[in-house]
Amino acid sequence: QVQLVESGGGLVQAGGSLRLSCAASGRTFSSYDMGWFRQATGKEREFVAAINLSGISTLYADSVKGRFTISRDNAKNTMYLQMNSLKPEDTAVYYCAGRAGRWLRLGVGVSEYDDWGQGTQVTVSS
C-alpha cells in the first residue's frame, strides 16, 4: 500500500504541454507498477499509460501514443506524465495508480490497481 498525490494539472491551449507528477509515500515505490488514468465529466475512468516497477517497460493508450510520455524516478518516489500536443479531448481529471508485486504484463484496467491518488484537473481549450 502506498499513498499517492498528483500535481501539475492546469489550463492550457490546444497544442500546449503539461507535466504531471505523482508523489508516492513510503519506501517501497520501486516495487510498484504504476499507471495514469483519466476521467472526463460524465464518463468512465480510462487508461492512459503504464510503467513497470523498474521503468523498463511502458504502455500507452492509442489516443495518447506519440504525444504523452510516462516515466519514473524511483530515487525520488515520483512518477511523471509529460503531455505534449494537447487536444481538447484530453480534458479530464488525471489519476495516478499503483499495484504491488511483479507482473508479466502492464495493467490497463481500473480493477488491476490497488492504490489511487485524488486526481489533478487538466483542461485543454480550443
Side-chain angles (χ1 to χ4, degrees):
Q1 302 298 316
V2 62
Q3 297 289 321
L4 304 172
V5 180
E6 304 94 337
S7 63
L11 277 66
V12 297
Q13 294 186 1
S17 298
L18 282 174
R19 187 194 191 210
L20 306 183
S21 297
C22 175
S25 66
R27 304 176 65 180
T28 59
F29 179 66
S30 63
S31 298
Y32 282 75
D33 284 354
M34 300 293 295
W36 286 99
F37 290 75
R38 66 188 183 187
Q39 187 167 19
T41 301
K43 297 185 177 180
E44 295 185 348
R45 195 167 300 186
E46 68 174 5
F47 171 77
V48 175
I51 187 166
N52 83 321
L53 52 85
S54 68
I56 195 170
S57 297
T58 59
L59 182 66
Y60 297 92
D62 288 343
S63 59
V64 307
K65 195 173 300 181
R67 300 187 298 121
F68 291 10
T69 302
I70 189 172
S71 62
R72 65 192 296 163
D73 187 340
N74 287 346
K76 296 181 178 180
N77 283 1
T78 304
M79 177 181 64
Y80 306 96
L81 184 68
Q82 178 65 48
M83 304 185 295
N84 299 325
S85 302
L86 283 162
K87 305 175 180 180
E89 51 262 45
D90 295 319
T91 296
V93 176
Y94 282 70
Y95 298 89
C96 63
R99 65 173 181 174
R102 186 176 296 276
W103 302 88
L104 294 176
R105 288 167 291 277
L106 292 169
V108 299
V110 171
S111 64
E112 299 181 62
Y113 291 85
D114 304 307
D115 300 289
W116 294 84
Q118 292 295 111
T120 185
Q121 176 70 48
V122 172
T123 302
V124 184
S125 64
S126 59

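- In summary, of the residues considered (E46, E89, E6), a salt bridge (charged side-chain N to carboxylate O under 4.0 Å, His left out) with R38 occurs for E46 alone.
- Pairing each heavy atom of S85 with each of S17, the nearest pair is N-OG, 4.3 Å.
- E44 CD to Q39 CD: the interatomic distance, rounded to the nearest 0.5 Å, is 8.0 Å.
- The line from CZ of F29 to OG1 of T78 is 6.5 Å long, rounded to the nearest 0.5 Å.
- A40 approaches A92 most closely through the heavy-atom pair N-CB, 3.7 Å.
- Both V12 and L20 belong to a single network of hydrophobic side chains, linked directly or stepwise wherever heavy atoms of I, L, V, M, F, W or Y lie under 4.5 Å apart.
- In this structure, T91 contributes its side chain and V124 its backbone to a donor-acceptor pair below 3.5 Å.
- Partner of W36 under the side chain to side chain contact (heavy atoms under 4.5 Å, CB included) criterion, chosen from I70, I51, V64: I70.
- Going from atom CG of L18 over to atom CD of Q82 covers 8.5 Å, rounded to the nearest 0.5 Å.
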> When you look at Y113 and F37, which way does the side chain to side chain contact (heavy atoms under 4.5 Å, CB included) test go after all the steps?
Replying inline: CA-CA 11 Å; Y113 291 85; F37 290 75; 3.7 Å; yes
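- Side chains of F47 and V110 form no contact here, defined as non-hydrogen atoms less than 4.5 Å apart.
- A distance of 5.0 Å separates CG in D33 from CZ in R99, rounded to the nearest 0.5 Å.
- Counted within 6.0 Å of CD on Q3, heavy atoms from surrounding residues, nucleotides or ligands total 12 or fewer; the atom is thus considered open.
- Looking only at distances, a side-chain donor or acceptor of N74 sits under 3.5 Å from a matching main-chain atom of L53.
- Remark: R72 fails to qualify as a cation-pi partner of Y32 under the 6.0 Å distance and 45° angle criteria applied to the six-membered ring.
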> side chain to side chain contact (heavy atoms under 4.5 Å, CB included) between L4 and Y95: does it pass, once the steps are laid out?
Replying inline: CA-CA 9 Å; L4 304 172; Y95 298 89; over 6 Å; no
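- Under a hydrophobic-cluster definition in which Ile, Leu, Val, Met, Phe, Trp and Tyr are linked whenever side-chain heavy atoms come within less than 4.5 Å, directly or via other members, L106 and V48 are assigned to different clusters.
- V2 and A24 get closest at one heavy-atom pair: CG2-CB, 3.7 Å.
- For the atom pair CG (N77) and SG (C22), the distance works out to 10.0 Å, reported to the nearest 0.5 Å.
- In this structure, CD in Q118 is found 13.5 Å from OG in S7, a value given to the nearest 0.5 Å.
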> Is there a side chain to side chain contact (heavy atoms under 4.5 Å, CB included) between L86 and F68 once you walk through the steps?
Replying inline: CA-CA 9 Å; L86 283 162; F68 291 10; 3.8 Å; yes
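- Under the 4.5 Å side-chain criterion, counting only non-hydrogen atoms from C-beta, R45 is in contact with W116.
- Annotation for G9 and T120: closest pair N-OG1, 3.2 Å, computed over non-hydrogen atoms.
- Y94 is connected to M34 through a chain of hydrophobic side-chain contacts under 4.5 Å among Ile, Leu, Val, Met, Phe, Trp and Tyr, so both are in one cluster.
- For A50 against G107, the heavy-atom pair with the smallest separation is CB-O, 3.8 Å.
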>> Could you go through N52 and R102, starting from their C-alpha distance and side-chain angles, then the distance that decides it, and tell me whether this counts as side chain to side chain contact (heavy atoms under 4.5 Å, CB included)?
In response: CA-CA 8 Å; N52 83 321; R102 186 176 296 276; 5.9 Å; no
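- Annotation for D90 and R67: closest pair OD2-NH1, 2.8 Å, computed over non-hydrogen atoms.
- In the hydrophobic clustering of this structure, M79 does not group with V108; members are Ile, Leu, Val, Met, Phe, Trp, Tyr whose side-chain heavy atoms approach within less than 4.5 Å, directly or through other members.
- Looking at D62 and K65, a side-chain N of the basic residue comes within less than 4.0 Å of a carboxylate O on the acidic one, giving a salt bridge.
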